[in-house]
Protein chains: 2
Amino acid sequence: MTDDVMTISEMCAAFEVTPRTLRFYESKELLSPIRKGQKRLFTRRDRARLTLILRGKRFGFSLEDIRQLLDLYHLGDQQRTQMQRTLAVARERLEEMRRKHAELETAIEELSQQISTGEQALARTAADEPEA
Amino acid sequence: MTDDVMTISEMCAAFEVTPRTLRFYESKELLSPIRKGQKRLFTRRDRARLTLILRGKRFGFSLEDIRQLLDLYHLGDQQRTQMQRTLAVARERLEEMRRKHAELETAIEELSQQISTGEQALARTAADEPEA
DNA sequence: AGATAAGTTGACGTTGACGTAAGCATAACG
DNA sequence: CGTTATGCTTACGTCAACGTCAACTTATCT
C-alpha cells in the first residue's frame, strides 16, 4: 500500500468480490478508480462507496437505485437544483428503508414464532425415538 | 368469491402482480392453487404464502431461499429429519434477518445524517437565490 | 531473454425473474 | 350462434448482474 490506494486484487480480497464485479461497477459509474497507466487504483473514496454498494445490495436495492443514492455522498460539487433532486431521492430511499426496517421486525417476530412452534412439535415426538 | 378461493385476476388485483408472475411461482412450487377444470383457484393458504413471498423479495431473498422458508409454514406433514433440516434453514434465515435489521438501522442513521448535512448546505446557499 | 504474475479490454454465456406473443379452451352475453 | 372476456399452455425474449473465456500488455523475477 504505497499511498492509500489499493490494487484490484487487494480490493477483491478485502471485500470478497471478483475483479469482474469491480470492473462492472466501474462501467456502471458506481466506482471511479484512478489509473496508473492501465491499472486501476482504488482510493478510500472507492472503498467507502463499495461498502455502501454492497450494503445496498443486501437490502434488495438495484445498482441503479444505489448509484443515485451514492451521489448524496459527494454532494458539494453539485448545482442547487441537482442537489435538491438528489435530496428528494434520498428522502424517498430513507422512507423505503424505514418501511423495510419495520416490516423486517414483523417478519423476524413471525419467523421466530414459527420456529419455536416447530421446535415444540419436534420435542413432542422426541419421546418416541431414542437418541442416536 | 363463491367460497374462499380467488381467481387469478382477483389475486393480481389484490397483490399487484401479473398472471405471469403467479403462474411462474406455481411452476417453482411456491404456490399450489387448486384446479377447477383448467382454471386456477387460489386458497387462503396461497394468499398467505404469496404475502410471505413478496415480503421475502423486498429483502433481497431469492425465490429459492423463500421456497425453503415457506416449508416451515406447513410443518407437520414432514418427517423428523426433514423437519430438523427445515428448522436449521429457518434459524439461519432468522439470523440473517437479524443481521440485516441491525445493519439497516445503521444505514438509516447514516443516510439520515447525510440528508440533514445536505439540507444545511442547501440552506446556506439559499440566501443567494431568492424564491421562485 | 524467458517465464510468471497481475492486470487489461472485448465479447459472448448464464442465471433469475419475469414479459410477451401465439394459439386454443370455455363460459357468459346479446 | 358469433364474440367478448377470462384463462390456459408453450415457447421465445429481455434485463440485470455478473461469469467465463481469449488475446494482449506490463512489471518482476531469475
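Residue numbering restarts at 1 for every chain, and letters A, B, ... go by the order of the sequence lines.
Between chain B and DNA chain C, the heavy-atom contact criterion of under 4.0 Å yields a 5' to 3' nucleotide range of dA17(C) to dT20(C).
Sparse packing is recorded around CZ of Arg44(A), with 12 or fewer heavy atoms of other residues, nucleotides or ligands lying under 6.0 Å away.
In this structure, Arg23(B) places its CZ atom 9 Å from C1' of dT9(D), rounding to the nearest Å.
Annotation: proximity of residues 34-46 of chain A to DNA chain C (heavy atom, distance under 4.0 Å) is found for Arg35(A), Gln38(A), Lys39(A), Arg40(A), numbered in ascending order.
Put simply, the side chain of Thr51(A) gets close to the backbone of Arg47(A): a donor and an acceptor are under 3.5 Å apart. Thr86(B) contributes a side-chain N or O that, together with a main-chain N or O of Gln82(B), makes up a donor-acceptor pair within less than 3.5 Å. Formation of a donor-acceptor pair under 3.5 Å by the Arg93(B) side chain with backbone atoms of Leu69(B) is not found in this model. Not a single donor-acceptor pair under 3.5 Å links the side chain of Glu109(B) to the backbone N or O of Thr106(B). Asp4(B) places no side-chain N or O within 3.5 Å of a backbone atom of Thr43(B) that could act as its donor or acceptor partner. Within the 3.5 Å criterion, the main-chain N or O of Ile108(B) finds no donor-acceptor partner in the side chain of Arg98(A).
When the side chains of ILVMFWY residues are joined at heavy-atom separations under 4.5 Å, either directly or via intervening members, Phe24(A) and Met11(A) end up in a single hydrophobic cluster. No path of Ile, Leu, Val, Met, Phe, Trp and Tyr side chains, each step under 4.5 Å between heavy atoms, connects Val89(A) with Leu70(A), placing them in separate hydrophobic clusters.
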Using a 4.0 Å heavy-atom cut-off to protein, can you give one letter per nucleotide of nucleotides 12-17 of chain D, 5' to 3': B if the base is in contact, S if only the sugar-phosphate is, - if neither? -----B
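Both tests do not hold together for Lys57(A) against Phe59(B): distance to the six-membered ring centre under 6.0 Å, angle to the ring axis within 45°.
A close approach under 4.0 Å does occur between a side-chain nitrogen or oxygen of Thr21(A) and OP1 or OP2 of dG19(D).
Residues Ser9(A) and Thr18(B) each lie close to DNA chain C; by heavy-atom proximity, the contact nearer the 5' end of the strand is made by Ser9(A).
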